[in-house]
S.K.: 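Before anything else, here's the structure in question.
Every number for a ligand or one of its atoms is a count from 1 in the order of the listing. Note that the structure is predicted; figures quoted are calculated from it, not measured.
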Amino acid sequence: MNFQPVLDAIDAELRPLLGAEGQVASYIPALARVPAAQFGIALRTCDGHEAAAGDADTPFSIQSISKLFTLTLAMRRLGDALWERIGREPSGNPFNSLVQLEHEHGVPRNPFINAGAIAVADRLVSLGHAKADLLALMSDLCGEAIAYDEEVAASEAVTGFRNIALANFMKSFGKIDNDVREVLSLYFHQCAIRMNCRQLARAAAFLCRDGAHPSDGEPEVTTERHTRRINALMLTCGTYDAAGDVAFSIGLPCKSGVGGGIVAVVPDQLTLCVWSPALDANGNSLLGLKALELFATRTGLSIF
Ligand SMILES: NC(=O)CC[C@H](N)C(=O)O
């Protein structure tokens, strides 16, 4: 299938809506300055074909999309031991909520809410070299040098009161092993990775290829079993409180971030990345979700 005309049509249809609705994430000052009226879309098929439209080459802050890659690293290194500290249930609460942690003894519902990603970061800090390993993984997956945006990381470090609270709360239950500052430094840096749609579609391509490396399949990024599990978590928890709606209207495993990016997977076919900075009330990109819905409708691609 030639996807280029599909992406061009989606770009043309959504461009007039840019800036009309939604808000850029303003609780992270460095993200509040990003112009809202931008839209990009890119995909990579299992056999390595790429297509893109709109602002697909403009870098943005990947934010919670990074949770996909830290989870992949942690599953690869720790196997099932990872799940001693983290659940696999949708939270039904906002991504930065504290409420469930009290009743659930500091064990986050899943690795994609902030508490869960901070717990994953703690495990990675224990293994050592986490910041360098993560950048090496991202650069290797897209075949281009990827970097942390230190300004965004610093901006979040001085205003991330909820994340600081979450980490300390889990520590009070004995569920964080390392120094909270070190764990949060990794978490704020992973969220501050700068990439564009094209790079993210490529980096996530192992998720549509049973874990095989995006470029040549070797070495495998992770196992087929882990890949299926990551896709399952994306479907049930990847867009937070909206995961049910996203499964209903789009029907693909997705992972969003408050920078406005969303990665979606069509297993055995392709990975897709959309980006538009204005967010809905759940913290998902408004036009990004619209674009994915149009894509799923027009191509008929769905996991159902
Ligand atoms: N949903 C997100 O992208 C949240 C990530 C953001 N860095 C935060 O911790 O609040």
S.K.: Looking only at atom types and distance, does a side-chain atom of Asp122 sit under 3.5 Å from a main-chain N or O of Val183, one as donor and one as acceptor?
M.R.: no
S.K.: Students should be able to answer this: which protein heavy-atom is nearest to atom 10 (O) of ligand 1, and at what distance?
M.R.: Tyr27 OH, 2.5 Å
S.K.: Backbone N or O of Val152 within a donor-acceptor pair of the Asp149 side chain at under 3.5 Å?
M.R.: yes
S.K.: Below 4.0 Å, non-hydrogen atoms only: which portion of Glu156 touches ligand 1? Side chain, backbone, both or neither.
M.R.: side chain
S.K.: Just checking, Lys131 and Tyr148: is the charged tip under 6.0 Å from the six-membered ring centre and within 45° of the axis?
M.R.: no
S.K.: By number and element, which atoms of ligand 1 are closer than 4.0 Å to a non-hydrogen atom of Gly257?
M.R.: 3 (O)
S.K.: Give a yes/no verdict on whether any heavy atom in Asn163 is under 4.0 Å from an atom of ligand 1.
M.R.: yes
S.K.: What's the separation between atom CH2 in Trp83 and atom CZ in Arg88, rounded to the nearest 0.5 Å?
M.R.: 6.0 Å
S.K.: Side chain of Ser256, backbone of Asn284: donor and acceptor closer than 3.5 Å?
M.R.: no
S.K.: I'd like to know if the side chain of Asp245 and the backbone of Phe248 have a donor-acceptor N/O pair within less than 3.5 Å.
M.R.: no
S.K.: Is there a nitrogen or oxygen of Phe95 sitting under 3.5 Å from a nitrogen or oxygen of ligand 1?
M.R.: no
S.K.: Look at the side chain of Ser97 and the backbone N and O of Pro94, then say whether any donor-acceptor pair between them is shorter than 3.5 Å.
M.R.: no
S.K.: Show the atoms of ligand 1 that are less than 4.0 angstrom away from any heavy atom in Asn114.
M.R.: 4 (C), 8 (C), 9 (O), 10 (O)
S.K.: What residue and heavy atom of the protein are closest to atom 4 (C) of ligand 1, and at what distance?
M.R.: Ser64 OG, 3.1 Å
S.K.: Has Phe188 got any heavy atom lying under 4.0 angstrom from an atom of ligand 1?
M.R.: no
S.K.: Should you measure from each heavy atom of Cys191, which atoms of ligand 1 turn up under 4.0 Å away?
M.R.: 7 (N)
S.K.: Any atoms of ligand 1 less than 4.0 Å from a non-hydrogen atom of Tyr240? List them with their elements.
M.R.: 1 (N), 2 (C)
S.K.: Looking at atom 6 (C) of ligand 1, what's its closest protein heavy atom, distance included?
M.R.: Gln63 OE1, 3.0 Å
S.K.: Using the ring of each side chain (for Trp, its six-membered ring), is Phe95 parallel, tilted or perpendicular to Tyr240, with breaks at 30° and 60°?
M.R.: tilted
